Number of protein chains: 2
Amino acid sequence: MSPQGADLATQRGTARQQRFASVVRAGSRVTPERARSHNRVLVLQELYRSEGLSRADLARAVGLTRVTISDLVADLIEDGLVIELGLRSDARPGKPATLLDINRKGFAVIALDLSYDNLFRGVVTDLDGTVLHREHADVTGITGTDAVDAVAALLDRLVAAAKAPVLGVGVGSPGIVDDAGTVLSAPNLGWADVPLQAALAERSELPVLVANDANAAALAERTFGGAHEDAILVRVGRGVGAGLIVGGRLVRGAHSAAGELGHVVVGTDGGDICACGKTGCLETWLAIPRLQARLEAAADADTRRAALAAAGERLGISLAPVVGALNLGEVVLSGPLDLLDGSLLESAAETIRSRTMADSHGGPAVRMTTLGRDIVVLGAAVMVLTGQLGVF
Amino acid sequence: MSPQGADLATQRGTARQQRFASVVRAGSRVTPERARSHNRVLVLQELYRSEGLSRADLARAVGLTRVTISDLVADLIEDGLVIELGLRSDARPGKPATLLDINRKGFAVIALDLSYDNLFRGVVTDLDGTVLHREHADVTGITGTDAVDAVAALLDRLVAAAKAPVLGVGVGSPGIVDDAGTVLSAPNLGWADVPLQAALAERSELPVLVANDANAAALAERTFGGAHEDAILVRVGRGVGAGLIVGGRLVRGAHSAAGELGHVVVGTDGGDICACGKTGCLETWLAIPRLQARLEAAADADTRRAALAAAGERLGISLAPVVGALNLGEVVLSGPLDLLDGSLLESAAETIRSRTMADSHGGPAVRMTTLGRDIVVLGAAVMVLTGQLGVF
DNA sequence: TTTGATTGTTAGTAACCTTTACTAACGAAC
DNA sequence: GTTCGTTAGTAAAGGTTACTAACAATCAAA
């Protein structure tokens, strides 16, 4: 247990939520208070991206005057969000600057990944997304409300392990998740219309944000993986899912189901029958269990490589219209490296290039994620940072 | 000629441009001035959408107080943007309300469509998008700078025909157009890196906005056609282009080439050779010249219908991954009704449904546009309304 | 030592929205 | 006809916000 951390978090929770409600939304009125809140976020963003800025640096970067920045920074310091690092050591004329930084170790973020088979994983991170602590829970055979309870229990353990006030909780869940964090449908967990976000928020008394796992992964790739402003992240596992970033923003879709690529039919030459009833869905070509079965049936290395290349080609065929229509700059894959990173990836890249307009830029970059297995929890952490601090 | 209109337009042009620079962009500081400008836009938006609102109605809708709304409205009336309609006639207690409206007939918008074969078309509209005047110019065989001159000449005639101050000029051009309104590539007009927006702005001394024709059409469909917040508009003509609306916003793409669907390869069973060098591009299946050739070669009505259905199926095949990935709510087609509206449309709809996940909503609506041939100029007008007034 | 540059703060001002209070105008009830 | 309650719009005062102007502190370079 870490009473001081948890206490501080709940104690200051409500006040913080109000103050952090941020980012001037278009379509909404702007009162002076909102304007200031927006400017606060700008300062935080600047500090988040490049640590060791002075007030004068911030003024230049944000476009406000030094006076105003000083005022805002004083607020942020009082709230514990920003700290002074000391004087700049550079040798240059003028009064030495006082360097500032976000209080990166002063708050914790809790992030959960419910997308593994029979396993829930959770982490505690600092504001940089550095993982400080890990927990996991075996949930073999656990579904429905029991699974919700398991999430809550895992969350309790993480809250107890947090050594700093918890800024919020982010959850990457399989299935279709709406804006309010309700899991509309997650067959593997036996969930339908489960208001996970509301349930966890009530039990933990913390700000909670729930989103689809592939969408969270896309956010992580955009924030920590350096992904392009227009990119798609494809997650290959038991199923196939994707998250799309368009114009730097996550796409939600008409019915919160953006990225559901697994059951789109690929090609015009048949294929295997899918669990969904259709024939030739992307999952029948690409899902890991099917892929492994094909590899085991393969006689030699060449045959195995051909099987991987075929899967990559199918991925490319289904992505090409998306890449073309959205003019995506990057395609990122996440999943088992031993299967994806190699002829599968190369085949997908080549297929995309050959089936879209070879524009002057040579088509999108196609690569593996560098974030590894933590991609979903990192994305969940990004959700918290964005929602609570307005950062990114 | 209409000297008073043109004079007023140029005379008040610069002042208006400053005042209308609007819509608080995320990532930019908010000074009190910007905040007020944003609130002005909110008032205009409300008034634009539902005419006949009182100041008190606006206060309730926008969330500002009656006092502030009165102040903002006074500004807008002084600028000539808003007018009082008179007292509300409803019988209800209390002081009767003074109804307001945007000065819909007080300003003109000029919109051009350069996407026809050998023809430039232009219109003058009021703020509602009602077409008040039409002009066109034959440009058979005219390309390059001559074509730019032709656009400028057509624009001059439209400016002369405008009977009210011109708010701005919108242009829907074929090809790839970047954020600055430079036509990066438009083979049919012989344009490459032509700064059309800057050139027209300089010559006309009016605010000019240039965008791709299909993208403009998508904006028109979203604004005047009631299209869904997540929709794609596909324009079928000599080529095939598209405009995407995601989360209510137009998608530009990594290299300003979003919507370039024509040269995406469809299916895995070959096809005709395309002008671009690839085989089986969507254009080889769907472009009007190819389609007409196939229809003329057809022996009977059944064969013709089958040819149209085949084209629709190809369209569906290429759209299915896009619809699935973005979870689009609507697919709208624009082009010759006699060819598109019928078995082609039905076949496309059925193909999309059968190849994407049949979610609980039954897949996207698939329909023809109701805006007809004016769809591009209407979209160009929307660009002006958005850019100059912040409306929509 | 002087000069110039830079940082951060203090004091005063202008712009913005809000609260509070008011008048005008109307329907409904007695 | 009078009174009451409601709605619309305006006026004055107040608080918040960010700006300009001015200044002290600090340091490098001439």
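Quantities reported herein were computed from a predicted structural model and do not represent experimental measurements. Labels below follow one simple rule: chain letters A, B, ... track the order of the sequence lines, proteins then strands, and each chain is numbered from 1. What's counted below: heavy atoms across the whole structure, side chains too, no hydrogens, waters or symmetry copies.
Across all strands shown, B:Thr68 has heavy atoms under 4.0 Å from base atoms, whether or not it also approaches the sugar-phosphate. Residue A:Arg66 is classed as a base contact, given a heavy-atom separation below 4.0 Å to a base. Within 4.0 Å of B:Asp71, counting heavy atoms only, lies no atom of the nucleic acid at all.
As rounded to whole Å, 18 Å separates atom P of D:dT7 from atom CD1 of B:Ile69. Taking atom CD of A:Glu33 as the reference point, atom C1' of D:dA18 lies 15 Å away to the nearest angstrom. The distance from atom CZ of A:Arg55 to atom P of D:dA25 is 17 Å, rounded to the nearest whole Å. Taking atom CG on B:Leu87 and atom P on D:dT7, their separation rounds to 18 Å, with Å as the unit. Taking atom CZ of residue A:Arg40 and atom P of nucleotide D:dA18, one finds them 11 Å apart after rounding to whole Å. The distance from atom CZ of A:Arg88 to atom P of D:dA28 is 14 Å, rounded to the nearest whole Å.
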- Message: What verdict does the salt bridge (charged side-chain N to carboxylate O under 4.0 Å, His left out) test give for A:Arg252 and B:Asp230, after you've listed the backbone C-alpha separation in whole Å, the side-chain angles of each residue and the deciding distance to 0.1 Å?
- Response: CA-CA 9 Å; A:Arg252 305 214 63 112; B:Asp230 294 279; over 6 Å; no
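Put simply, the side chain of B:Asp75 never gets that close to the backbone of B:Glu78: no donor and acceptor are under 3.5 Å apart. Not a single donor-acceptor pair under 3.5 Å links the side chain of A:Thr182 to the backbone N or O of A:Asp178. Side-chain atoms of A:Arg222 come within 3.5 Å of backbone N or O of A:Ala227 as a donor-acceptor pair.
The side chain of A:Asn39 contributes no N or O atom lying less than 4.0 Å from OP1 or OP2 of D:dT17. OP1 and OP2 of D:dA18 both lie 4.0 Å or more from every side-chain N or O belonging to B:Thr31. The phosphate of D:dT16 (OP1 or OP2) has no side-chain N or O of A:Arg36 nearer than 4.0 angstrom.
From B:Leu167, atom CG reaches atom CG of B:Leu206 across 9.5 Å, with rounding to the nearest 0.5 Å. Considering CD of B:Gln197 and CG of B:Asp179, their distance stands at 9.5 Å, rounded to 0.5 Å. From A:Leu81, atom CG reaches atom CG of A:Asn103 across 7.5 Å, with rounding to the nearest 0.5 Å. Here the straight-line distance linking atom CZ of A:Arg34 with atom OG1 of A:Thr31 works out to 6.5 Å at 0.5 Å rounding.
Using a 4.0 Å cut-off between charged nitrogen and carboxylate oxygen, B:Asp71 and B:Arg36 count as a salt-bridge pair.
For DNA chain C, the residues of residues 57-64 of chain A within the heavy-atom distance limit of 4.0 Å (strictly under) are A:Arg60, sorted by number.
Between A:Lys95 and A:Leu72, it is A:Leu72 whose nearest contact on DNA chain D lies nearer the 5' terminus.
Bracketed by its first and final contacts, the part of DNA chain C lying under 4.0 Å from non-hydrogen atoms of chain A reaches from C:dG4 to C:dT18 in 5' to 3' order.
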